[in-house]
Number of protein chains: 2
Amino acid sequence: MPIDRRPLREQIREELLGRLDRGDFAAGTDINEVALAAELGVSRTPLREALITLAGEGVLESTQGRGFRFAPVSRKEFRELCEIVAGLEALALDRSDPAYLREIAPELLRLARDFPDRIAEQHVIERHDDEWHDLLVSGCRNERLIDLITSVKAGLRRYAHLLAGDDTPLEREAAEHCQVAELLMAGDRAAAGQALRDNWVNGMERMMSRIPAS
Amino acid sequence: MPIDRRPLREQIREELLGRLDRGDFAAGTDINEVALAAELGVSRTPLREALITLAGEGVLESTQGRGFRFAPVSRKEFRELCEIVAGLEALALDRSDPAYLREIAPELLRLARDFPDRIAEQHVIERHDDEWHDLLVSGCRNERLIDLITSVKAGLRRYAHLLAGDDTPLEREAAEHCQVAELLMAGDRAAAGQALRDNWVNGMERMMSRIPAS
DNA sequence: ACTATGAATTCTGAATACAAAACACAGGAG
DNA sequence: CTCCTGTGTTTTGTATTCAGAATTCATAGT
């Protein structure tokens with residue numbers, strides 16, 4: 001097997017994002033660099049590099065002399081991020097090859113119908129949802145756009161653990177995904193894009209109440 | 001006056017972007033950290049932090065063990081970036097307060113008509129163009145979106161010096177800006193958004209020939 | 001009792017030092 | 001002559017150290 005030869009800062013970044021998913025960090029709290037570096041078993045240098053990357057993605061904030069802190073969550077920001085991702089994914093759909101979209105539409109439909117039931121664990125559901133969205137935009141030739149979507153979605157990870165346990169909207173989510181897939185199968189990319197945007201907006205509204213008011 | 005108390009990495013980032021505008025760096029070339037740090041009069045640590053930030057914005061690329069290099073320019077990437085910014089600015093317009101847009105429309109129109117003539121220096125033209133676009137999206141309440149647009153536009157700076165001296169499309173650019181302003185004054189935000197997207201696409205097509213084929 | 005001041009402490013920001021990987025080039029085997 | 005290999009050099013990646021800013025806490029003055 002090829003051993004892991006990526007820079008430490010990337011591994012650290014992913015580790016921190018993983019912990020974020022699990023809700024290990026309280027939003028709004030300051031980060032103690034020496035403590036966190038010791039905990040991760042690395043020095044402050046690559047840790048700070050990872051923190052700077054995350055700050056660039058909006059996951060963290062930094063203030064001169066006071067270091068980094070996890071950006072506090074807010075309904076306003078959640079709404080902003082969802083709006084952006086919705087716009088970007090719709091754009092990606094628009095810049096995709098229509099033939100390819102028709103090709104993957106059946107798989108998208110299958111995934112949407114296989115949506116895990118409410119018994120499933122939260123991270124399984126998230127994984128499944130991510131998989132669907134990743135496949136959806138996989139036909140986009142605009143590589144920078146794909147990277148950008150990934151980056152913006154990193155900011156949404158801070159909200160993941162807040163949304164855990166709310167299984168009511170699962171059917172809605174699955175149904176909306178089905179609709180997008182069916183529109184793609186019919187070849188109506190514009191309508192699919194609109195349905196996708198609606199899916200994001202609806203999902204956002206469904207989740208909004210679970211975010212503490214700032 | 002308040003003295004400059006921003007972190008070095010930010011000042012370095014701006015200095016590098018400024019040099020990029022002036023075409024001081026050849027695209028695709030490797031960066032020697034010690035040499036550049038010495039030239040800037042700083043140590044490698046904040047320099048690397050700035051480089052990592054710029055890599056996150058797509059201005060630089062990094063490879064394990066080989067450091068950073070200015071990402072090579074290509075028509076493909078230029079097209080991708082323009083598509084993204086077009087989509088994001090149109091989204092920003094869509095998320096703006098219509099009343100505010102009508103309010104600033106006259107100023108937008110005035111700016112568009114005051115477009116500097118072809119005698120003006122390149123950076124004056126760019127400054128003017130930036131000012132117009134900044135004002136256009138200034139009514140957007142989505143702060144994250146504004147930041148994102150700024151970040152993606154940083155990637156476009158690598159192309160600025162390539163586009164210098166091409167004064168033919170100036171009237172086209174000005175005319176298209178006028179049209180957007182007039183549509184906004186009429187209160188037709190959707191049409192203005194479409195005109196804005198067209199402006200980006202047209203501008204991109206006009207510039208495309210000046211970018212060396214990869 | 002409360003505020004202001006200042007020293008001690010903690011932490012970040014930046015510089016330097018060290019380790020390891022990539023590169024360049026010379027020399028030898030085929 | 002070509003290709004491989006090994007050694008020396010350069011450059012990056014990471015760790016450590018140093019300096020200075022922010023915070024805390026105690027104390028003195030009102």
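In what follows, every chain begins at residue 1, and chains take the letters A, B, ... in the order their sequences are listed.
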Residue whose nearest DNA chain D nucleotide is more 5′ - A:G41 or B:I31: B:I31

5′-ward residue of the pair A:P46/A:G65 relative to DNA chain D: A:P46

B:R48 versus A:T45, side-chain donor and acceptor atoms under 3.5 Å: no

Length of the CG-P vector between B:L51 and D:dT12, whole Å: 10 Å

From B:T53 atom OG1 to B:R13 atom CZ, the distance as rounded to the nearest 0.5 Å: 7.5 Å

Sugar-phosphate only, base, or nothing, as touched by A:I12 at under 4.0 Å among non-hydrogen atoms: nothing

A:F68 CZ to C:dT12 P, straight-line distance once rounded to whole Å: 9 Å

Atom pair distance, as rounded to whole Å: CZ in A:R66 and P in D:dA21: 16 Å

Distance, rounded to the nearest Å, where B:Q11 contributes CD and C:dA14 contributes P: 8 Å

Salt-bridge contact A:R127-A:E131 (side-chain N to carboxylate O under 4.0 Å): no

Spatial distance of atom CZ (A:R157) from atom CG (A:L81) [nearest 0.5 Å]: 13.5 Å

Rounded distance (Å) that lies between atom C1' of D:dT23 and atom CG of A:D30: 11 Å

A:Q64 side chain, from C-beta outward: closest of D:dT16, D:dG13, C:dG13: C:dG13

Nearest to side-chain heavy atoms of A:R5, which nucleotide of C:dA22, D:dT12, C:dA14: C:dA22

salt_bridge(A:R141, B:E80) N-O dist < 4.0 Å: no

Selected nucleotide, minimal atom distance to B:R48 side chain, candidates D:dT16, D:dG13, C:dA14: D:dG13

side-chain N/O B:T45 vs C:dA14 OP1/OP2, d < 4.0 Å: no

Gap between atoms CD and C1', on B:E49 and D:dT14 respectively (whole Å): 13 Å

Which nucleotide in C:dC11, D:dT12, D:dT14 has an atom nearest any side-chain atom of A:N32: C:dC11

Integer-rounded Å distance: D:dT11 P and B:L36 CG: 13 Å

Sugar-phosphate only, base, or nothing, as touched by B:T63 at under 4.0 Å among non-hydrogen atoms: sugar-phosphate

Nearest-angstrom distance from the residue atom CZ of B:R44 to P of C:dA17: 13 Å

